[in-house]
Amino acid sequence: MTTSRTNHHSSSSSMLHMVAQYQKKVTTPIVDEDMDVVTDKKKDKNTNSLVKAETATSNISSTSTPLVSILFNINARGVTTSMVETIQKKLSSNDNVKIYTTTSPEEGTRAIQEIMQSKQQQQPRLVVPIGGDGTLCTMLQTMYDETTTSTDDENCKLPLLGYIPMGTGNAVGSVVGCKKKKKRFSSTTRQVVDTIQELITIAQQMEENSKDSNIMKKQQQQATFDIVELPILKITTHRSGSTATTKDEQYITFFAGLGFDSLMLQDYYNLQEYMKTHSFWRNYRKTFSSVLGYCVALATRTLPQCLERNAHQVPVEITTTTTAAASANKNNKSSSLWIDHRRGDVARPLDDNDDDSEEERLVLYRGTTGIVAASTVPYYGGGLRLFPFASLYPNQFQLRLGRIHPMRGMLNLPGIFKGTYRDFTEDSFGCLDFILSQCSIRIMENDATNENNKNDATTTTSSNKKNQYPVQQAGELVGACTQVCIETVPNTTARFVTLLPSRIIQAE
């Protein structure tokens with residue numbers, strides 16, 4: 001997010017005045033929290049960083065491939081220009097490393113294409129993205145697009161990743177993020193430098209292992225780190241245009257959803273845009289580009305909308321297919337699972353039903369819900385463990401429906417954050433959890449969605465958005481959609497190097 005070097009202090013009355021103004025005026029939401037918001041001052045500094053990055057790596061031969069490629073997203077909340085410059089200086093003489101500094105998704109895409117474009121050269125042992133979840137998923141999107149267009153089997157495997165989370169939510173980083181333990185009195189830059197140096201050492205070990213046939217030596221060297229594989233989600237969003245034409249967009253991600261979470265994210269983006277267009281508040285954007293900003297958006301916009309007109313209630317029809325259920329486990333026709341909280345989280349196979357049986361559809365749910373979200377990682381950002389059953393089943397994801405009232409959710413917030421909240425009542429089903437490999441979420445029309453679309457700043461005409469609702473993926477708002485299709489990418493996983501050692505096998 002935007003970094004401001006000037007410190008200002010405001011009175012409580014000014015703060016209340018800002019909140020009152022924000023409640024009255026909502027502007028068009030920005031599209032990309034992690035990449036698109038940047039001040040002119042930071043851009044100017046980053047221009048010098050880009051030149052230095054090229055100088056630092058100019059001694060790499062065009063016929064060789066560095067062991068480690070590092071990608072900085074200069075707009076990520078935890079990344080500063082001084083951090084990038086310090087790391088560039090420390091690694092300027094290391095021929096095994098190449099550094100890319102990006103200021104936009106387009107620059108990130110070009111950097112990944114450069115890393116993966118040559119089929120004759122060996123890909124780097126390790127790619128190190130430094131930014132937030134949006135940075136990581138944008139990079140994976142390009143990697144996936146590049147590999148799916150290749151017919152060479154050797155290039156169909158995604159490069160190994162050493163993800164250093166420096167964003168706001170860091171949901172994926174909570175699972176597979178690489179960060180050395182921060183030393184006492186040391187800076188964040190020092191912590192990142194130590195992490196990068198450790199990852200370079202690991203890449204060198206893997207390079208040596210590839211030339212050594214001694215398996216015991218490989219296992220001994222790899223005992224200081226671990227490699228974790230995560231399933232990847234492919235999200236296809238459908239939205240109706242003002243004409244008969246429609247536009248579908250695909251995203252590669254680890255989590256996505258709609259409802260209360262996407263509504264709050266839209267309000268958060270609106271708050272950021274409001275501060276961007278008002279000179280007095282522009283200097284406070286860094287302060288509000290954090291959990292504080294989400295809290296302000298939640299208190300001033302999201303909760304009032306939900307309490308006054310149930311804006312978070314989304315009418316949906318969620319379906320999967322019998323073929324998708326069977327493909328996940330060939331020995332079990334109905335391998336799509338429902339987690340029955342009433343029986344102690346028993347995983348129960350979903351039975352076939354007669355509804356639309358000719359299309360081989362299984363209706364999972366039809367009605368209103370406050371949130372419907374899918375993930376292959378347990379966390380949803382900020383330490384929120386919303387998906388306690390994610391990654392327990394290979395090549396599948398957890399789908400969660402939250403049907404409880406927002407105030408009940410606030411009262412149970414500690415349990416929800418820890419991932420221990422369950423609805424044990426016999427027939428209310430306030431929380432529904434499924435384990436799936438594919439599902440389709442179709443947004444149906446009702447008065448609540450109509451009213452929400454009328455207040456959506458992105459709406460051009462209310463008539464063509466009657467059954468649309470904002471959707472988010474990887475913490476990035478993708479706009480209002482009428483239908484969302486979610487599936488795990490077959491035969492492809494994201495592989496991460498983590499600095500946690502492998503499990504113990506034999507105790508001393």
Side-chain angles (χ1 to χ4, degrees), residues 1 29-37 71 73 75-79 102 104-106 108-109 112 127 129-145 158 161 163-177 230-237 249-266 268-269 272 289-291 293-294 371-387 390-391 397-400 441 469-481 484-489 492-494 496:
M1 301 298 295
I30 59 179
V31 176
D32 195 333
E33 170 200 354
D34 222 14
M35 293 194 175
D36 288 347
V37 183
L71 287 88
N73 174 17
N75 300 325
R77 183 173 181 269
V79 177
T102 64
S104 67
E106 292 75 21
T109 297
I112 291 298
V127 177
I130 303 179
D133 292 331
T135 303
L136 175 64
C137 291
T138 300
M139 186 194 69
L140 276 175
Q141 178 83 57
T142 305
M143 286 183 172
Y144 177 77
D145 292 342
L158 298 180
L161 303 174
Y163 175 40
I164 301 180
M166 300 293 288
T168 303
N170 298 322
V172 184
S174 300
V175 182
V176 293
L230 291 180
I232 304 173
L233 292 180
K234 181 191 291 185
I235 310 295
T236 304
T237 60
E249 295 179 347
Q250 288 189 344
Y251 303 89
I252 296 298
T253 186
F254 294 97
F255 61 94
L258 57 95
F260 188 86
D261 60 327
S262 62
L263 186 63
M264 183 177 68
L265 185 63
Q266 177 179 276
Y268 169 78
Y269 280 2
Q272 294 295 312
S289 299
S290 61
V291 177
Y294 288 101
I371 181 174
V372 52
S375 179
T376 60
V377 294
Y379 295 96
Y380 214 37
L384 173 60
R385 193 166 179 259
L386 192 64
F387 307 97
S391 298
F397 61 88
Q398 178 183 345
L399 181 75
R400 168 162 284 194
I441 305 169
Y469 203 90
V471 176
Q472 66 86 14
Q473 64 86 21
E476 305 290 342
L477 200 65
V478 300
C481 305
V484 182
C485 295
I486 305 173
E487 62 180 318
T488 52
V489 178
T492 303
T493 58
F496 294 88

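Owing to the predicted nature of the structure, the values given are computational and were not obtained by experimental measurement.
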Distance-only donor-acceptor check, side chains Glu249 and Tyr251, under 3.5 Å: yes
Spatial distance of atom CD (Gln141) from atom NZ (Lys234) [nearest 0.5 Å]: 9.5 Å
Close side-chain approach of Met139 to Leu136, heavy-atom, < 4.5 Å: yes
Residue pair Val79 / Ile130, side-chain heavy-atom distance below 4.5 Å: yes
Short side-chain to backbone donor-acceptor contact, Tyr163 and Gly132, under 3.5 Å: yes
Distance-only polar pair, side chains of Tyr269 and Gln472, donor-acceptor under 3.5 Å: no
Of Val471, Val372, Thr237, the residue whose pairing with Ile441 passes side chain to side chain contact (heavy atoms under 4.5 Å, CB included): Val372
Heavy-atom closest contact (Ala374 atom, Leu399 atom, distance): CB-CD1, 4.0 Å
Shortest non-hydrogen contact between Tyr380 and Ala373, atoms and distance: OH-CB, 3.5 Å
Heavy-atom side-chain proximity of Val127 to Met143 below 4.5 angstrom: yes
Output field: ring centroids Phe387/Tyr379 closer than 6.0 Å: no
Taking every non-hydrogen atom, the tightest pair across Phe255 and Gly475: CE1-N, 3.5 Å
Residue pair Ile371 / Leu386, side-chain heavy-atom distance below 4.5 Å: yes
Under 3.5 Å: donor-acceptor pair, side chain of Thr376, backbone of Ile232: no
Working for side chain to side chain contact (heavy atoms under 4.5 Å, CB included), residues Leu71 and Ile112: CA-CA 9 Å; Leu71 287 88; Ile112 291 298; 3.6 Å; yes
Shortest non-hydrogen separation from Ala76 to Gly131 and the atoms involved: CB-CA, 3.6 Å
CG-CG distance between Leu477 and Leu265, expressed to the nearest 0.5 angstrom: 5.0 Å
Whether Asp133 side chain and Ala474 backbone form a donor-acceptor pair below 3.5 Å: no
Donor-acceptor pair, side chain of Ser375 and main chain of Val377, under 3.5 angstrom: yes
Nearest atoms (heavy-atom pairs only) where Val489 meets Leu233: CG2-C, 4.2 Å
Student check: side-chain heavy atoms of Leu161 and Leu140 closer than 4.5 Å: yes
Side-chain heavy-atom pair Val484, Ile235 within 4.5 angstrom cut-off: yes
Intermediate values then yes/no, side chain to side chain contact (heavy atoms under 4.5 Å, CB included), Arg77 and Met166: CA-CA 6 Å; Arg77 183 173 181 269; Met166 300 293 288; over 6 Å; no
Min side-chain heavy-atom separation Arg385-Pro378 under 4.5 Å: yes
Heavy-atom check, side chain of Thr493 versus side chain of Leu230, under 4.5 Å: no
Nearest atoms (heavy-atom pairs only) where Tyr469 meets Ser262: CE2-OG, 3.7 Å
